[in-house]
Each structure stands twice: as C-alpha cells, then as structure tokens.
Amino acid sequence: MRLRAMTAVLVAATVALGALPAAASAAAPSPLLAAPPAVNVANVNAHLQQLQTFATSNGGNRATGTAGHTATTTYLQQKLQAAGYTVTVQTCTTCSGSAKNIIADWPGGNTSNTYMFGAHSDGVAAGPGINDDGSGTATLLEAALVLAANNPTMTNHVRFGWWAGEEQGLIGSKFYVNSLTTAQRTAIKAYGTFDMIASTNGGYFVTGTDAVAVKLREYFTSINVPTETSTECCSDDGSFRNAGIPSSINSTGASFTKTSAQVTKWGGTAGQPYDPCYHRACDSYPSNINTTSLGRWANAEMYAVWTLTTGTTTANDFSVSLSPATAAVNPGSSATTTVNTATTAGSAQTVTLTSSGAPSGVSVSFSPASVTSGGSSTMTVATTAAAPAGSYTITVTGTGSVSHSASYTLTVNGTGACGSPGQKLGNPGFETATAPWTASTGVIGANTGEGAPRTGTRNAWLNGYGSTRTETLSQSVTLPAGCSAYTLSFYLKISTAETTTTTQYDKLTVQVGTTTLQVFSNLNASAYTLRSYNLAAYAGQTVTLKFTGVEDSSLKTSFVIDDTALTVS
C-alpha cells in the first residue's frame, strides 16, 4: 500500500476463521445470498511462500523493475494461462525499469457488465512485500483459480488485474486505466482493490460504496465480522475512481494505530500499528501474515466474484449507507450526514429518501430528497430547544424498485449548565515534550527553518521529506456536555516544492474520530494561517483529534502545526 497517506460449503472450508471478541460475535450470522466454492487458505499460503522465495533469491525484495518483481509477474502469468484465462501482459512504459501489468479475463459473461478485482504485484525495496501486497496478490490469484476450476455459467464478465509500480505512485494502474477507451471504462461497473489483507494487528476495512464493497460487507456480516471504512490512503482504487469507475479499497490496515474500540471488535493490541512491519524488511512470510484474516478475505473475495458474475441475471438493485452514522448535538443544534447510494446490480434507478424514528423536537430533511443510485444526498437532523435528552435510532430508507435502509444514531445532550468550560487540549503548543499527543517519530520537536514554530520553541512538523512517507499526530480529548460553543483551532503553515496548480500530490487530513474536517494539500501552500472548526456535534463525547500527513515519492511538502486549542464555553 502506498500511503500519501456461509452456508455449509463455507463451514466445511479449510480456512481457520478464528474467534472474535464476545461483543462482536453475539448475534447470529446472516445467511448469504449464494454460496461460492470455498478458497483453501493453504493454497494461498503456498503462493505467499513462492513470493517470499522470489524476494529471497533476488536481493530481498520484489520492487518494480527488479528481478524479484519479474519473477512474480511471470508466476502469475503462468498460473492464470494454465487455468484457462486470457492473459494480457501489459508493459508499463511509465514505470521504473522492466515492469509488467498482468490482466486476466475469464471467458464468458456480458463484457458490457465487467466487474474487476485487483492488487499490486510489487513491493518496496526495503523488504519482501509479503503482506504489502503479497496478501492481495495471492488471495486474488487463488480466487481466480478456484473460479476457473469450477467453470460456472457466467452472467457478467470478470477481470483480474495485478499492477506494477503501485509503490512508485499507482503508476501501473494509472497506465492501464489510461489505455482504456471511454467505452471500455464504462463497461467496468465496479473495481475493488485488495491491498494488505493479512496485517498481524489489523482490522477489516471496506472503504467504498461500489458493488464489490457491498458484496464484501455482505460476506463479513454473514460470518459476524464487523467492518469499518478506513482513513488510510491510498492504493490503485484511486486510478480507477479518478477515471469515473466506482471503486473501493479493502484492507486490514497499514501504519495507522489500532484503537481500543477496534480491539473490542477484532482483538489485537491498542496503540500499535495495524501492520508493525509496514514497508520494512520484516514484512516476510510467514511471520508477518495473519492467517485468519488471510482466509476470511480470500473467501470474501470469492463471494464477491461469484455473486457479481455468475448465475441468473440480477434485477436492478442499489445500496444505502451513511457517513457519518452517528452524531451528538445540544438541544437547538443540528447535524448533517451524507447519504450515499450505489448501483449494485443492473441499471441505475431513482431512489427516494425518507426517515423514521426521530423523537419529538427533532426533524430530518434531505437535500435532494431523491437521487439516482450512485449519487448522494445531505441529510440534516435539526433539534429544537425542547428536544428530550437521550440516544435515538433514526432509520433512513431509500425506495426504488426495492427498499434498503441504514441506521443513524442521534444523541441529544442534556441541557445542564456548562460545568467545565475552557481549553481542553493538553500541551497545545507542543512546548512540553510530546504527551498527551501521540505522534510519528520526529514530528514534535524544536524545529527550525521552514518548520520553525509560530510561537515558542517547539511545534509539530509533518512530512517535508520529498519521499513516500506517512506521519500522524493525534490526541484523545473529552468534551463536556451542556456548553454552547466547542471550537477547534490551530495554525497551519504549508510549504511545497511541487509545481503543479491542479494535482494534490501531498495531503494533510484533519479528522475528529472518523469524520474528516478538511483535507489540505500542496495546492494550499501558505504562511501560518488560523484554521477553526465547530465541534458542537461531539459534546459529551471522548473523541480523537488526528492529523495525517501523506507525501508522495518526490518533491516535498511540509505541513507545520502550532498553537492548537479546543475551547469550550
């Protein structure tokens, strides 16, 4: 990953699914719509062992342009051709060195409805690249081989892709997408990329609303594994999304740290990276592979491939999701969320949005009130001063040829006096070591030059290396309920060597919890500028304020932060 930032058939599979924490496994599993053949995780591990051998025999890595990567693409080509795939070996002339994309089409199905699944075949120069992204490479290869061995009747067309140059800047997938005609791009109804799906301290992240993402969530629901959307960015899904193709990124996580809430869902260790060996020499087989995650993802991929491309033609259908799905407000305030829809089968259709379950003193409106599936609407939840305190579930329903619903949790805070006003961030100017901030190594310090503080002697400086790098800065903070104003502020300085006036190569994402407040980039270069945000929606909650800086492989951009505050009054 390149950060800029079932039914009885499945029960009988040899995949060891492992145990979830009790809180995650209380509900009975949901039945699947269809049961594909199971993927044997032992076969996936055999592919990973082969990738490790390629790295060990060729300088310790499988980076694009090296013999280790060439051996990887040759292996993929030979396995797929032997299984009966039509394999296109595409030379990526914009990648470094000799680099090949491997594209494999299974015969049959309506090519005007093509569903595509991909992973990147390269790794970084620092190590073998077994989780990143041998795990995606190997699981998709085995899913493709299982499909071929069962030779089902194809309704829609399936295509697999393994991309060179991902670690250099998504270059191989961009090269492929740019080679497509407009008609060929239109024919791809959804693309899902699988990048790092066996992180040893990982979670289950399905990020997107395309048809592939819908099917993956459907599978994980069936085995009682909760999923989240990810704030980590990016992989080859971006190349497809930028070309107008519905896309998703699916992962167990990279360098970001696992939260206590995620440990409750999935197990693991809080405060540690999802993959402690991300972009390091220790990303090797078998030590850096979570076999439980590997097996679950392999079968989730198989389910998505099988249900989207085989069997009887599915009627027009769509999905509905909310982002964010929760909010807390004071009486008299409002909150907004985005209602996302996606066409999951057949053709797009008109979806009318309604709500139910709002208590007295709370109103819900949509703008617009109906969308074409694939579009989105802004939902506003407004409360009056008389809205009763409590937590409420509002059901949002989309109605077209069928109906689908999603749940929104609204917490109305109590109306007591503001008992704890003041500035709530610890070490707001970074002048006393690092605590209570959690930061990447070297981010907080007595910086000089272009990273010099606005005031005092210390600040936080993210990125500015001119090489691929992700750095984070975060702090957990509790906001009291019952106050009238909650303002987050900080001064931000952005300096860049990028020359573009149109492309966001390097980014700083500002988040509260899972909500993105704003994304800055090399296009926003400026001296120290005050940035402010209203956090009233988080009254009465403990949230994490997080800054994530993601820099690409060349031309540096620095994001310098000083004089932070979260003022409550």
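Computed from a predicted structure; not experimentally measured.
The aromatic ring centres of Y486 and Y538 sit 6.0 Å or more apart. Ring pair W266/F205: centre-to-centre distance below 6.0 Å. Between W297 and Y219, a ring centre-to-centre spacing not shorter than 6.0 Å is recorded. Side-chain rings of Y115 and Y191 stay apart, their centers remaining 6.0 Å or farther from each other.
Here K507 does not pair with E551 in a salt bridge; the nearest charged N to carboxylate O distance is not below 4.0 Å.
When atom types are taken as modelled, the side chain of D237 and the backbone of S248 share no donor-acceptor pair closer than 3.5 angstrom. In this structure, the side chain of S135 engages the main chain of I197 through a donor-acceptor pair within 3.5 Å.
Judged by the 6.0 Å distance and 45° axis criteria, R454 is positioned over the aromatic ring of Y491.
One finds the CD1 atom of I394 at 5.0 Å from the CG atom of L410 (value rounded to the nearest 0.5 Å). Atom CG of L353 sits about 9.0 Å away from atom OG1 of T397, to the nearest 0.5 Å.
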| side chain to side chain donor-acceptor pair (under 3.5 Å) between S558 and W461: does it pass, once the steps are laid out? | CA-CA 7 Å; S558 295; W461 183 358; 3.0 Å; yes

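The only member of K258, Q262, E232 that meets side-chain hydrogen bond (donor to acceptor under 3.5 Å, both in side chains) when paired with Y274 is Q262.
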